[in-house]
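Single-structure report; data block below.
Order of the sequence lines sets the chain letters (A, B, ...), proteins ahead of strands, with each chain counted from 1.
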Protein chains: 2
Amino acid sequence: MFYEVDKHSGIPSYIQIMNQIKKEIIIGNLKKGDSLPPVRELSKIFNVNVNTILRALERLEFEGYLEAQHGVGYFVRTDMDLKNSVFNEVSSFVEKMKKENIDLETIKLLLEEVWRNEQFSE
Amino acid sequence: MFYEVDKHSGIPSYIQIMNQIKKEIIIGNLKKGDSLPPVRELSKIFNVNVNTILRALERLEFEGYLEAQHGVGYFVRTDMDLKNSVFNEVSSFVEKMKKENIDLETIKLLLEEVWRNEQFSE
DNA sequence: CTAATTGTTATAGTTAACTATAACACAAAA
DNA sequence: TTTTGTGTTATAGTTAACTATAACAATTAG
């Protein structure tokens, strides 16, 4: 489910961790009420210090994704419940982009740009 | 064309700068042979120190996007030349996602996940 | 109640990113 | 050649991210 952070990517570890957890919630692998592994375990999984885990979890709590229960654990607080149609749209989009041999990084930047500028929609 | 970096986003400034420049190349605002503004000017535009500009530019040079000419300037080395069809695909994708009220952050994470897993393509 | 499991806080030190400032080096124009 | 505009390098200091380690606090199981 989770994988080690890349410590040489330039992106702070706690942000990578936040994104991994968010992603699991978005795709529905983590649902409302589910518990996360204990922080000491997460620390081993992501290969970072407990404090770094805590920083990520606290931010996700602040953003409303998680809830902390002292002595018990961290729990998912939101359900994404994306429609299947959304998944299908994303899949077919990815497929098209791969056929054009465009890499993920490029797509993300292009997407950001188009997202910001509305002039493309008819 | 360029805008200030967000110093509180957690993402290192030099990476934000790299992404902004890459984005201009991707969407075709910067073409092969074009020069960038002088580093001291970029420093003012992005509101960071010259050294931070240099770090971003050197990485982009290493990645093949730019070329430095001592005493002259930085020049774009690559042409993206994305097809119009690609832009159209992205636009219509963005439109659909906006209609579903999904935010950009979520889309990017979802996209990453789908990109990594091939099981969706027929 | 006690022990085990979990989250929380604190301290001290390291490293990478960033800043300010200045000097140096190359190229082009006057 | 001199000046101006450009990239380049260096030094020193600040801050944020991260680490290691330890202790403390709340919950649950026995």
Side-chain angles (χ1 to χ4, degrees), chain A residues 1-22 24-25 30 33-77, chain B residues 1-22 24-25 30 33-77:
Chain A
M1 196 177 207
F2 298 125
Y3 40 92
E4 265 191 50
V5 300
D6 177 359
K7 293 182 180 175
H8 305 294
S9 68
I11 309 295
S13 300
Y14 77 96
I15 290 193
Q16 294 183 52
I17 293 166
M18 287 175 68
N19 282 339
Q20 281 197 46
I21 296 175
K22 272 188 195 172
E24 291 301 316
I25 295 176
L30 285 175
D34 286 354
S35 67
L36 292 187
V39 295
R40 289 167 182 81
E41 224 176 284
L42 289 172
S43 165
K44 285 174 198 156
I45 294 174
F46 288 111
N47 192 27
V48 299
N49 191 268
V50 179
N51 300 305
T52 307
I53 295 293
L54 260 299
R55 179 185 300 216
L57 297 186
E58 276 161 10
R59 296 218 177 191
L60 287 174
E61 191 179 15
F62 179 79
E63 291 184 13
Y65 287 94
L66 299 179
E67 185 176 14
Q69 285 191 42
H70 196 169
V72 187
Y74 271 91
F75 297 88
V76 177
R77 217 169 148 275
Chain B
M1 197 176 206
F2 298 125
Y3 41 92
E4 266 191 49
V5 299
D6 177 359
K7 292 182 180 177
H8 305 295
S9 68
I11 309 295
S13 301
Y14 77 95
I15 290 191
Q16 294 183 51
I17 294 167
M18 287 175 67
N19 282 340
Q20 281 198 44
I21 296 175
K22 271 188 196 174
E24 293 301 315
I25 295 176
L30 284 175
D34 286 354
S35 68
L36 291 186
V39 293
R40 289 169 183 81
E41 224 174 285
L42 288 173
S43 166
K44 286 174 197 157
I45 294 173
F46 288 111
N47 192 27
V48 298
N49 191 268
V50 178
N51 299 306
T52 306
I53 296 293
L54 261 297
R55 181 186 298 215
L57 297 186
E58 276 160 10
R59 295 219 178 191
L60 287 174
E61 189 179 16
F62 180 78
E63 289 183 14
Y65 287 95
L66 299 178
E67 184 176 15
Q69 284 191 41
H70 195 170
V72 187
Y74 270 92
F75 297 88
V76 177
R77 219 170 145 274

If each of Val72(A) and Ile11(B) is mapped to the nucleotide of DNA chain C with the nearest heavy atom, which maps nearer the 5' terminus, i.e. the 5' end?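 Nearest-nucleotide comparison on DNA chain C picks Val72(A).
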Using atom [atom1] of [X] as one end and atom [atom2] of [N] as the other, report the distance to the nearest whole Å.
X: Asn49(A); N: dT21(D); atom1: CG; atom2: P; value: 9 Å
X: Tyr14(A); N: dA17(C); atom1: OH; atom2: P; value: 14 Å
X: Phe46(A); N: dA17(D); atom1: CZ; atom2: C1'; value: 17 Å
X: Ile53(B); N: dA17(C); atom1: CD1; atom2: P; value: 16 Å
X: Leu54(B); N: dT8(D); atom1: CG; atom2: P; value: 6 Å
X: Arg59(A); N: dG7(C); atom1: CZ; atom2: P; value: 19 Å
X: Glu41(B); N: dT6(D); atom1: CD; atom2: P; value: 7 Å
X: Asn51(B); N: dT8(D); atom1: CG; atom2: C1'; value: 10 Å

Name the closest nucleotide to the [X] side chain, picking from [options].
X: Val39(A); options: dT19(C), dG7(C), dA17(C); value: dG7(C)
X: Glu58(A); options: dT8(D), dC18(C), dT9(C); value: dT9(C)
X: Arg55(A); options: dC18(D), dA17(C), dT19(C); value: dC18(D)

A quick test of your reading: do over 12 heavy atoms of other residues, nucleotides or ligands sit less than 6.0 Å from OH of Tyr3(A)?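 Yes, the 6.0 Å shell around OH holds more than 12 heavy atoms from other groups.
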Would you say [X] places a side-chain N or O within less than 4.0 Å of OP1 or OP2 belonging to [N]?
X: Thr52(B); N: dT19(C); value: yes
X: Tyr74(A); N: dG7(C); value: no
X: Lys7(B); N: dT19(C); value: yes
X: Ser13(A); N: dA17(D); value: no

[Y] and [X], any side-chain heavy atoms less than 4.5 Å apart:
X: Arg77(A); Y: Tyr65(A); value: no
X: Asp6(A); Y: Ile11(A); value: no
X: Leu36(B); Y: Leu57(B); value: yes
X: Met18(A); Y: Arg55(A); value: no

On DNA chain D, does the nearest nucleotide to Gly10(B) precede the nearest nucleotide to Pro37(B) from the 5' side, or the other way round? Give the residue.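 Result of the comparison: Pro37(B).
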Would you say the side chain of Arg40(B) and the base of dG5(D) hold a donor-acceptor pair, judged only by whether the two atoms sit under 3.5 Å apart?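 By the distance-only test, no, there is no pair.
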